[in-house]
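Reviewing the structure listed below.
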Number of protein chains: 2
Amino acid sequence: MSSEPFGVLADPARRRILDLLRERPRLVGELTEAIGLSQPGTSKHLRVLREAGLVTVRPEAQRRWYELRPEPLAEIDAWLTPYRWMWADRFDALERHLDTMDDE
Amino acid sequence: MSSEPFGVLADPARRRILDLLRERPRLVGELTEAIGLSQPGTSKHLRVLREAGLVTVRPEAQRRWYELRPEPLAEIDAWLTPYRWMWADRFDALERHLDTMDDE
DNA sequence: CAGGAATATAACCGCAAGTGCATGTACTCG
DNA sequence: CGAGTACATGCACTTGCGGTTATATTCCTG
């Protein structure tokens with residue numbers, strides 16, 4: 001099972017779901033409509049997210065409130081860390097920083 | 001084609017390759033041995049990375065030096081950004097920050 | 001020019017993932 | 001208790017991915 005956060009985020013629908021849950025908990029119905037998929041399809045993605053620990057469910061009668069649990073994203077963030085300094089040409093920012101230090 | 005950075009990083013072998021290239025450019029042979037895959041298998045992953053813009057090739061006779069091009073990772077970083085404050089209980093850091101501000 | 005080294009591409013295979021459809025389950029309400 | 005709502009699960013199907021083996025390509029070297 002691709003319970004790995006990286007694999008889970010590979011699917012755009014799943015990223016979309018997480019983005020929606022960032023705002024507030026949602027019902028399956030809402031998510032289904034939002035991502036334009038069948039209800040079972042949505043449920044399947046939610047299952048994957050659940051097994052990856054990225055969401056939790058709070059049942060309320062027949063309804064299920066899905067909420068975000070962002071902790072597993074830390075793994076991705078950690079992997080990304082050693083790369084982060086590389087892309088944004090920090091030359092300007094660095095220069096500005098050094099200039100500032102000179103000013104002081 | 002899953003030229004999307006997210007899809008590309010879904011495979012551990014590809015992440016491993018990037019990690020190796022973070023240190024220095026490498027030949028296909030090195031990478032092949034490092035990730036314990038067949039040479040064609042490695043070449044395939046390199047192709048995916050190439051098409052995603054995550055690596056570039058510098059030919060030298062029959063050899064190909066692969067080097068890292070981390071820019072596309074910025075997209076992932078950007079997606080991750082609105083989540084980043086959430087997991088690390090920044091309560092302490094935030095408190096310290098506010099304390100500092102109070103001091104000034 | 002022949003042979004070998006380094007890599008890419010092609011052809012093929014197995015399997016898991018994503019999707020739709022149909023059905024099951026759990027709960028509410030009249 | 002029966003019907004409807006909200007969601008999960010099962011099944012069938014298709015596609016694409018990751019892997020290997022075999023082959024083509026390119027270049028160096030003797």
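Chain identifiers are assigned alphabetically (A, B, ...) following the order of the sequence lines, protein sequences preceding nucleic acid strands; residue numbering begins at 1 within each chain.
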Item checked: Spacing between A/Arg58 atom CZ and D/dA6 atom C1', to the nearest angstrom -> 15 Å
Check: Roughly how many Å is it from CD in B/Glu51 to C1' in C/dA8, rounded to a whole number?
Finding: 13 Å
Checklist line | Ionic contact status for A/Arg47 with A/Glu51, cut-off 4.0 Å | finding: yes
Check: Is B/Arg63 salt-bridged to B/Glu30, going by a charged N under 4.0 Å from an acidic O?
Finding: no
Each nucleotide N or O in nucleotides 28-30 of chain D that has a protein N or O under 3.5 Å away: list the pair and distance.
{"unit_1": "D/dC28", "atom_1": "O4'", "unit_2": "B/Gln62", "atom_2": "NE2", "d": "2.9"}

Item checked: B/Leu31 CG - C/dA6 C1' separation (whole Å) -> 13 Å
Checklist line | Sequence neighbours excluded - ring pair (Phe, Tyr, Trp, His ring centres under 6.0 Å) pairs with any residue from residues 49-83 of chain B | finding: B/Phe6-B/Trp79, B/Trp79-B/Tyr83
Notebook entry, point to check: Below 4.0 angstrom from OP1 or OP2 of C/dA17, is there any side-chain N or O of A/His45?
Noted result: no
Item checked: Pairing of A/Arg22 and A/Asp19 as salt bridge, 4.0 angstrom limit -> yes
Next item on the list: Let me know the distance between CH2 of A/Trp65 and P of C/dC27, rounded to the nearest Å.
Entry: 18 Å
Check: Should A/Ser38 and A/Thr32 be marked as a side-chain contact (heavy atoms from CB on, under 4.5 Å) after you check the CA-CA gap, both sets of side-chain angles, and the distance that decides it?
Finding: CA-CA 6 Å; A/Ser38 69; A/Thr32 296; over 6 Å; no
Note to self: A/Asp77 vs B/Arg84, test: side-chain contact (heavy atoms from CB on, under 4.5 Å). Steps then yes/no.
What the structure shows: CA-CA 8 Å; A/Asp77 192 57; B/Arg84 196 167 291 121; 2.8 Å; yes
Check: Just how far, in rounded Å, is P of D/dC7 from CD of A/Glu33?
Finding: 12 Å
Item checked: Close side-chain approach of B/Glu4 and B/Glu75, heavy atoms under 4.5 Å -> yes
Item checked: Protein-nucleotide distance (B/Asp11, atom CG; D/dG16, atom P), rounded to Å -> 18 Å
Checklist line | Whole-Å distance separating the CG atom of A/Leu49 from the P atom of C/dA17 | finding: 14 Å
Checklist line | Side-chain touch B/Leu21/B/Glu67, heavy atoms, less than 4.5 angstrom | finding: no
Notebook entry, point to check: How would nucleotides 8-13 of chain D be written as a contact map, 5' to 3', with B for base contact, S for sugar-phosphate-only contact and - for no contact, using protein heavy atoms under 4.0 Å?
Noted result: BBBB--
Checklist line | Protein-nucleotide distance (B/Leu27, atom CG; C/dA8, atom P), rounded to Å | finding: 10 Å
Margin query: Restricting to non-hydrogen atoms, name the atom on A/Leu46 and the atom on A/Val55 that form the minimum distance, rounded to 0.1 Å.
Written below: O-CG2, 4.1 Å
